[in-house]
2 protein chains.
Amino acid sequence: MAVTLEDVGRQCGVSRSTVSRVINDSPLVNQRTKDMVLKVIKEMRYSPNFIARSLTKNRTETLAVTLPDIVGGVFPEIIAGMDEVASRHGYHVLVVFLGGARPHSATVEKLIRNRRVDAVVTVASTLSDQQVVALSEWNMPMVCVAQKSPLAIIPSVLFDNMGGAISATSHLIAQGRRHLIHLRGAQGNYDADERCRGFRVALEQAGLPVDASREFAGEFSRDGGARAVSRALEQGIEFDGLFAANDEMAIGAMEALIRHGKSVPQDVAVVGFDDVDLAHFIGLSTVKVPHRELGRAATRFALDLIEGKTVSESEVLSTEFIQRASSTPGRQLNLLQS
Amino acid sequence: MAVTLEDVGRQCGVSRSTVSRVINDSPLVNQRTKDMVLKVIKEMRYSPNFIARSLTKNRTETLAVTLPDIVGGVFPEIIAGMDEVASRHGYHVLVVFLGGARPHSATVEKLIRNRRVDAVVTVASTLSDQQVVALSEWNMPMVCVAQKSPLAIIPSVLFDNMGGAISATSHLIAQGRRHLIHLRGAQGNYDADERCRGFRVALEQAGLPVDASREFAGEFSRDGGARAVSRALEQGIEFDGLFAANDEMAIGAMEALIRHGKSVPQDVAVVGFDDVDLAHFIGLSTVKVPHRELGRAATRFALDLIEGKTVSESEVLSTEFIQRASSTPGRQLNLLQS
DNA sequence: TCACAAGATGTGAGCGGTTGCAATACAAAA
DNA sequence: TTTTGTATTGCAACCGCTCACATCTTGTGA
């Protein structure tokens with residue numbers, strides 16, 4: 001078995017409490033004793049048992065982050081951001097993938113009820129608003145990322161969906177495009193709604209007509225984007241600019257456009273949202289979301305909550321428009337069949 | 001405070017051990033008592049305190065996975081695979097990003113010495129062989145992923161680097177390419193060495209000459225690939241086929257080739273290794289590495305080790321060659337400047 | 001009717017720490 | 001010298017749960 005406080009104490013001829021004080025750097029211990037104990041600790045290769053300590057301190061120094069099962073390019077960034085801040089404070093990050101056949105909130109509820117973690121960070125759409133509310137009953141610090149918190153007591157870290165959508169749309173307009181369409185995400189989805197709102201605001205700002213029939217609903221997927229474009233074309237709607245609610249949709253849309261003989265950006269300028277890795281390679285103009293910073297900010301909130309500090313209700317990070325070939329006249333964009 | 005065994009016991013008029021027996025589903029309890037206790041547990045919303053249980057059981061039901069700081073497309077897959085198997089056994093996954101300014105092994109050593117996790121899974125290159133050996137001293141179950149274990153007692157989960165490299169190279173040869181070059185990863189890197197070996201073996205099998213001057217060293221990065229190609233071209237080496245040791249290098253190589261006026265696949269057919277998301281989009285032929293399965297297998301090993309089972313020394317997963325535009329005559333590959 | 005086995009439950013000692021309080025020692029102040 | 005204070009250290013309870021063992025019921029066969 002591992003060496004314990006008792007063992008060290010016996011070796012030094014002091015009690016376990018004295019040794020405990022030494023490792024906790026308490027001022028209540030004589031310097032000479034301290035030195036001796038430290039020496040023995042090193043010799044015996046003693047390390048405090050984290051579990052035992054947690055039991056008395058009632059702290060696990062662990063944060064849980066819940067993620068949807070689908071592995072995308074954005075989650076690793078969020079986790080990395082979390083770990084960055086967490087580790088700096090001696091905390092660790094436990095990842096919990098939900099979704100698929102797994103009963104969504106049961107896993108998290110168990111984690112919380114067992115007091116296995118000190119706080120839970122939930123990332124967009126992993127848990128529904130109702131589930132978040134239900135879990136909040138267990139009075140465990142929680143933080144929502146990229147999801148508007150359903151309760152005032154739970155802080156959320158958001159990013160400027162509308163601002164991003166406005167800059168994307170305005171960019172298309174600045175390029176001289178006047179006949180825009182928008183491929184939006186599912187109705188009721190916070191991100192989707194906000195981005196759609198931004199699209200409209202930008203049109204209004206430019207004095208262009210807002211027309212709901214030029215907004216096409218779809219899922220946040222490549223296929224959804226492709227289908228939405230096909231629908232638009234079938235309906236005979238004319239457009240020279242397209243703002244998709246995320247990059248996946250934008251890519252699907254571009255593929256569909258090309259299949260239909262349209263060229264990007266000549267015939268249709270395309271802009272997406274998220275700035276996934278792919279966007280860079282394909283040359284897709286998009287709105288960059290600061291994922292890593294999202295993770296960092298969420299962790300800061302979580303740590304503050306754990307310490308009992310009052311935190312601001314939420315934080316909104318800004319986004320940045322990035323222009324690439326898909327909306328730059330004269331540049332060539334080619335997708336490859338694979 | 002949360003409700004404890006004692007509380008439930010008092011409420012039912014039984015002792016804490018009886019309640020403990022009930023929640024552990026021991027057969028030593030009368031059915032009537034059991035029913036009553038279960039009812040009260042539900043009413044009082046009791047959940048066992050995981051920390052306390054860990055203290056006696058000396059088990060945390062947590063696995064640590066150490067990853068390099070660089071967020072690539074492959075790690076999320078590995079984590080997801082781990083979580084998949086782990087959660088099925090009631091385990092959780094703690095992620096630890098190492099690298100950057102962080103003292104590499106100190107963090108992990110602390111984790112281990114504090115007995116905060118039951119096992120550690122280390123993914124390629126996160127920890128050096130020496131560090132793995134040093135950590136193994138603490139007699140904590142460990143598993144290496146995509147890294148040949150430096151000690152016989154530590155199992156490793158590998159994938160068939162050489163087989164993949166052979167199939168990639170053979171494919172180029174089958175396409176009629178006779179003047180191949182190889183962009184290899186750093187000398188001493190296990191993956192790099194194996195893939196290079198595979199390249200050679202395939203050449204030999206085809207009766208083609210093996211020539212070390214046609215192997216160019218570089219890092220596993222886009223830049224490394226680009227530089228290696230430039231070097232080859234500057235040296236006036238002729239080639240119509242290129243096997244890069246990973247996709248990143250292959251992509252960098254293709255960019256460089258195109259900058260130098262060569263077309264892919266007409267002038268040079270290119271094959272990579274890994275099958276990152278991008279490969280699909282760009283149309284890069286490559287060798288698919290089963291990352292998720294790597295995570296699953298590693299977790300199975302880890303769980304077996306925790307249970308004290310003897311495990312096979314290592315497991316080698318097979319790879320699969322995927323042909324795409326970059327090595328298919330007649331297909332067009334275009335990279336976009338961004 | 002009594003001894004004894006088996007079944008059901010309680011007791012108490014840990015697991016490895018933390019921490020309030022008491023105890024001791026030694027020095028300075030009265 | 002006695003009192004008071006301060007710096008050190010030990011004691012023991014506690015965190016919430018597990019488990020070996022003791023105890024107490026009951027039921028059964030002689």
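Remember, it's a predicted structure, so these values are computed and weren't measured experimentally. Residue numbering restarts at 1 for every chain, and letters A, B, ... go by the order of the sequence lines.
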Which pair of non-hydrogen atoms, one from A:Val117 and one from A:Thr60, has the smallest distance, and what is that distance?
CA-OG1, 3.3 Å
Is the phosphate of C:dT18, meaning OP1 or OP2, less than 4.0 Å from a side-chain N or O of A:Arg21?
no
What N/O pairs connect the protein and nucleotides 23-26 of chain C at under 3.5 Å? Give each pair on its own line.
none

Heavy atoms only, 4.0 Å cut-off, all strands: where does B:Ser26 land among base, sugar-phosphate and nothing?
nothing
Does B:Asn24 reach the main-chain N or O of B:Ser26 with its side chain, forming a donor-acceptor pair under 3.5 Å?
no
Can you work out whether B:Gly13 or B:Arg16 has the more 5'-proximal nearest nucleotide on DNA chain C?
B:Gly13
Taking only side-chain nitrogens and oxygens of A:Ser20, does any of them come within less than 4.0 Å of OP1 or OP2 of C:dG17?
no
Any ion pair linking B:Arg113 and B:Glu137 (charged N to carboxylate O, less than 4.0 Å)?
no
Rounded to 10 degrees, the angle between the two terminal axes of the helix from C:dT1-D:dA30 to C:dA30-D:dT1, each from five pairs:
70°
Relative to the 5' end of DNA chain D, which residue comes earlier, A:Pro27 or B:Pro48, by the nucleotide with the nearest heavy atom?
A:Pro27
Is there a side-chain polar atom (N or O) of B:Thr33 under 4.0 Å from OP1 or OP2 of C:dT9?
yes
Decide whether A:Gln31 and A:Asp35 meet the rule of one side-chain donor and one side-chain acceptor closer than 3.5 Å.
yes
Interatomic distance where CG belongs to A:Leu28 and P belongs to C:dG20 [whole Å]
10 Å
Length of the CZ-C1' vector between A:Arg116 and D:dC17, whole Å:
15 Å
When rounded to the nearest 0.5 Å, the distance separating OG1 of A:Thr310 from CD1 of A:Ile153 is 14.0 Å
Pick the closest DNA chain C nucleotide for A:Ser17 and for A:Ile51 by heavy atoms, then say which residue is nearer the 5' end.
A:Ile51
From D:dG10, D:dC17, C:dT9, nucleotide with atom closest to A:Ser15 side chain:
D:dG10
Counting the atoms with a prime plus P, OP1 and OP2 as sugar-phosphate, which does B:Tyr46 contact under 4.0 Å by heavy atoms, base, sugar-phosphate, or nothing?
sugar-phosphate
Verify, without hydrogens or angle tests, whether A:Ser149 (side chain) and A:Ile154 (backbone) share a donor-acceptor contact under 3.5 angstrom.
yes
Tell me which residues in residues 36-44 of chain B put a heavy atom below 4.0 Å from DNA chain D, sorted by number, or none.
none
Whole angstrom value for the distance that separates P of D:dC15 from CG of A:Asn114:
19 Å
Please walk me through it: do A:Asp129 and A:Lys148 pass salt bridge (charged side-chain N to carboxylate O under 4.0 Å, His left out)?
CA-CA 9 Å; A:Asp129 281 3; A:Lys148 194 161 179 90; over 6 Å; no
Between the main-chain N or O of B:Glu6 and the side-chain N or O of B:Thr4, is there a donor-acceptor pair closer than 3.5 Å?
yes
Are any of B:Asn58's side-chain N or O atoms less than 4.0 Å away from OP1 or OP2 of C:dC15?
no
Between B:Glu109 (side chain only) and B:Ala134 (backbone N and O only), is there a donor and an acceptor less than 3.5 Å apart?
no
Whole-Å gap separating C1' (D:dC15) and CZ (B:Arg53):
16 Å
So with a 6.0 Å cut-off around CD of A:Glu313, is the heavy-atom count from everything else above 12?
no
Between P of C:dT9 and CD of B:Glu6, the distance in whole Å:
17 Å
For the atom pair CD (B:Glu293) and CZ (B:Phe159), what is the distance rounded to the nearest 0.5 Å?
13.5 Å
Using atom CG of A:Asn24 as one end and atom P of D:dT8 as the other, report the distance to the nearest whole Å.
17 Å
Looking at B:Thr56, does any N or O in its side chain come under 4.0 Å of the phosphate oxygens OP1/OP2 on C:dG14?
no
Closest approach of B:Arg59 and B:Ser54, non-hydrogen atoms and distance?
O-OG, 2.9 Å
What is the separation between atom CZ on B:Arg115 and atom P on C:dG16, rounded to the nearest whole Å?
11 Å
Expected output: side-chain A:Asp83 to main-chain A:Ile79 donor-acceptor under 3.5 Å
no
Respond yes when some side-chain nitrogen or oxygen of A:Asn49 is under 4.0 Å from OP1 or OP2 of C:dC15, and no when none is.
no
Between P on C:dG10 and CG on B:Leu5, what's the gap in Å once rounded to a whole number?
13 Å
